[in-house]
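Since the structure comes first, as C-alpha cells, the remarks are kept for the end.
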There are 2 protein chains.
Amino acid sequence: MEDIRVGLVEDNMTIRTSLKQCVEMTPACSLAFAAGSVESALDVLSDFEFAGVDIILLDIGLPGMSGLEGIPHIRHKLPDVDIIMLTTYDDTERIFEALTKGARSYISKKTSLKVIMDAVTTVYRGGSYMSPSIARKLVDHLSGGKKKPNLKSLSDRQMDIVRGLANGLSYKMIASQLNISIDTVRSHIKKIYKILEVNSKIEVVNMFK
Amino acid sequence: MEDIRVGLVEDNMTIRTSLKQCVEMTPACSLAFAAGSVESALDVLSDFEFAGVDIILLDIGLPGMSGLEGIPHIRHKLPDVDIIMLTTYDDTERIFEALTKGARSYISKKTSLKVIMDAVTTVYRGGSYMSPSIARKLVDHLSGGKKKPNLKSLSDRQMDIVRGLANGLSYKMIASQLNISIDTVRSHIKKIYKILEVNSKIEVVNMFK
DNA sequence: ATGTCAATGACATGTTCATGTGGTTTTTAG
DNA sequence: CTAAAAACCACATGAACATGTCATTGACAT
C-alpha cells in the first residue's frame, strides 16, 4: 500500500483544515505537516529529523514570502519533493513562473477536493495534472508564442546572416563562414534592418528567438 | 443541449470504429466526419457545403501526410476548429511540435474512451486536457528548459543592465533609463562579461532568453 | 529585351562597443 | 568597526558596428 506523505502550506485556516481532513481521509495519503507560511514550513522541514514529504500543496497568496518565492527555497531543502501549486490566481505570468521554478502542477482552488487528491496521486506517480483552463493557457502560450511574422519576409541568404548574428558571430566571422566579403555582410544587414525596421543586431536576434 | 460536432482522422479501422461509436453514443456529441487521412479529411471539408466541425481528433501516424503536417492545413481551412492529437507517440519533440502548430490537446491513445470524450467536452468549453504523462513532459520542459545557471550570480543591478541589453538598448539608452553614467554601464558590463565568460552583448542576451 | 530584385562587393564616416586602468562612495557581512 | 562587495564615475584606444552611396552580376518575369 502506497503512503504518500503530503505537506500543506496554506494560510487560510478554513481551506487548510478542509485540505487536512481530506488528506487524512484519503487512504493512500498521510499528512506530513501543515503550515501557514513558507517560512514556518521551512522551519518544520529543517528543525528536527523529518519523516519526509512526497508532495507539497503550496498556496501562492501567503503572508511573508509568497508561494512563488518559496518554491526555490523548498526545492533547495527538499530536491525530490513534488510541488503542486494550489491557487486562485490563473494569470499566465504566475503559471509560467511557478512551472519554470519547478512546480509540477498548477491547480485552481476552485477545483474539487477529490480532483485535488487525484492530482496528488497523479503527481506522485510521475505525472502532472493541470486544470483545463490552466492547461489551455499553457497551450495557447506555446502556439501563440512561436509566431515570428516579420521573419517570413527575409530571403534564404538573409536568414543565413540572421543565424550568424543569433549565434553571436561578428560580421567578420559571418563573412568567412559564408565565404563572402564583410562588405556583403554589411549590405545584407542593412537590408535586413530596413525590412524588420530595427537598427541593431540584438533587435534582429530578439525577433526570431 | 449542446451539440459538439466531432471529426475523426484515424487510419486504423478498429480504433476509428470504436471512436465513431463512442462519439455517437455520447449525447452531447455527434459525428461530423470520419476520415483515414488528412488528405481525405480536407476533401470532405472543402468539397461541398459542410455542416461544420467543432473538434477534430487527429492521429499522428497517418498514411500520406502525417497528423503533424496536417495541423496547419486543417487550421487553414477551419481556423476555429479545435484539434486534439490522439496518438501513441509521446516524445517531447512531437508534443511540442503539435502544440506549437496549434493543437489544443495531446492525448495518449492508451487513454480510456471515456476520458477522451471528457477531453472533447473540456476543449469545446475552452479548456485543454493533457494526459498526466504528457503534462509532465511539458512541465519538465519548462523547468528544465529555462535554467540559466550562470545568471544566478548576477546582482540586481547587473540584471537591470542585462534587461536593457536584452531589449536592444544601447549603453547610452540604458544609462539614461537607469539614471547613471554611461561609464558606469560600461563598468557593469565589463563585470558581467567576466562573470558569464562572454565578450559580446548578444552572448549575454542569448544566455538568459 | 528590359526592368526588377537578390546577392555580391567597395569605400567612407561617424557611432557604439569591448577593454584597460584607474578611482570614489555606499552597502553588506563578519 | 572594518573589510569586502557592489555601485558609481572618468578617460583612453582600437575594434566592431550602423549607415550611406554606388556598382556588378545573374535570375526571373513581363
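In this text, all values refer to a predicted model and were calculated from it rather than measured experimentally. The analysis underlying the following values was restricted to heavy atoms, covering all of them including side chains, and did not include hydrogens, waters or symmetry mates.
Residue R157(A) has a polar side-chain atom (N or O) positioned under 4.0 Å from OP1 or OP2 of dT8(C). OP1 or OP2 of dA6(C) has not a single side-chain nitrogen or oxygen of H188(A) nearer than 4.0 Å. Of the side-chain N and O atoms in K201(B), one or more sit less than 4.0 angstrom from OP1 or OP2 of dC17(C). For the OP1/OP2 pair of dA18(C) and a distance below 4.0 Å, the side-chain nitrogens and oxygens of Y193(B) include at least one atom meeting the criterion.
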Determine, step by step, whether R16(A) and D59(A) satisfy the salt bridge (Lys or Arg N to Asp or Glu O under 4.0 Å) criterion, reporting the C-alpha distance in whole Å, the side-chain angles of both residues, the deciding distance to 0.1 Å, and the verdict.
CA-CA 10 Å; R16(A) 191 157 115 206; D59(A) 187 26; over 6 Å; no
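We find that CG of L165(B) is positioned 12 Å from C1' of dA18(C), with the value rounded to whole Å. To the nearest angstrom, C1' of dC17(C) lies 11 Å from NZ of K190(B). Between the P atom of dG22(C) and the CZ atom of R186(B) lies a distance of 18 Å, rounded to the nearest Å. In this structure, E203(B) places its CD atom 10 Å from P of dA18(C), rounding to the nearest Å. Rounded to whole angstrom, the span from the CG atom of L169(B) across to the C1' atom of dC17(C) amounts to 15 Å. For the pair K191(A) NZ and dC5(C) C1', the interatomic distance rounds to 8 Å; values are reported in whole Å. D156(A) has its CG atom 16 Å from the C1' atom of dT8(C), to the nearest Å. Between Y171(A) atom OH and dA10(C) atom P there is a gap of 17 Å when expressed in whole angstrom units.
In this structure, S131(B) contributes its side chain and S108(B) its backbone to a donor-acceptor pair below 3.5 Å. Remark: the backbone N or O of L31(A) is not paired with any side-chain donor or acceptor of E24(A) at under 3.5 angstrom.
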Result block: side-chain N/O donor-acceptor pairs under 3.5 angstrom for residues 173-192 of chain A, not counting sequence neighbours:
unit_1	atom_1	unit_2	atom_2	d
S176(A)	OG	M173(A)	O	3.1
S181(A)	OG	D183(A)	N	2.9
S187(A)	OG	D183(A)	O	3.3

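Of the residues listed (I71(B), L8(B), L68(B)), the one engaging L58(B) in a side chain to side chain contact (heavy atoms under 4.5 Å, CB included) is I71(B), and it is the only one.
Contact annotation for S200(A): backbone-only contact, meaning every heavy-atom pair under 4.0 Å involves sugar-phosphate atoms and none involves a base.
The stretch residues 172-184 of chain B touches DNA chain C through K172(B), each having a heavy atom under 4.0 angstrom from the strand.
The pair D140(A)-R104(B) meets the salt-bridge criterion, since a charged nitrogen lies less than 4.0 angstrom from a carboxylate oxygen.
Interatomic distance, N206(B) CG to N167(A) CG, rounded to the nearest 0.5 Å: 7.5 Å.
On the nucleic acid side, DNA chain D contacts chain A at distances under 4.0 Å to non-hydrogen atoms, with the end points of that region at dA16(D) to dT21(D).
For the pair V38(A) and G67(A), the tightest heavy-atom approach, listed with the atom from each and the gap, is CG2-CA, 4.4 Å. L142(A) and T100(B) get closest at one heavy-atom pair: O-CG2, 3.9 Å. The nearest pair of heavy atoms linking P79(B) to K77(B) is CD-O, 3.5 Å.
Comparing S187(B) and N199(B) by the nucleotide of DNA chain C that holds the closest heavy atom to each, the one mapping nearer the 5' end is N199(B).
The nucleotide whose nearest atom lies closest to any side-chain atom of I189(B) is, among dA18(C), dA6(C), dT8(C), dA18(C).
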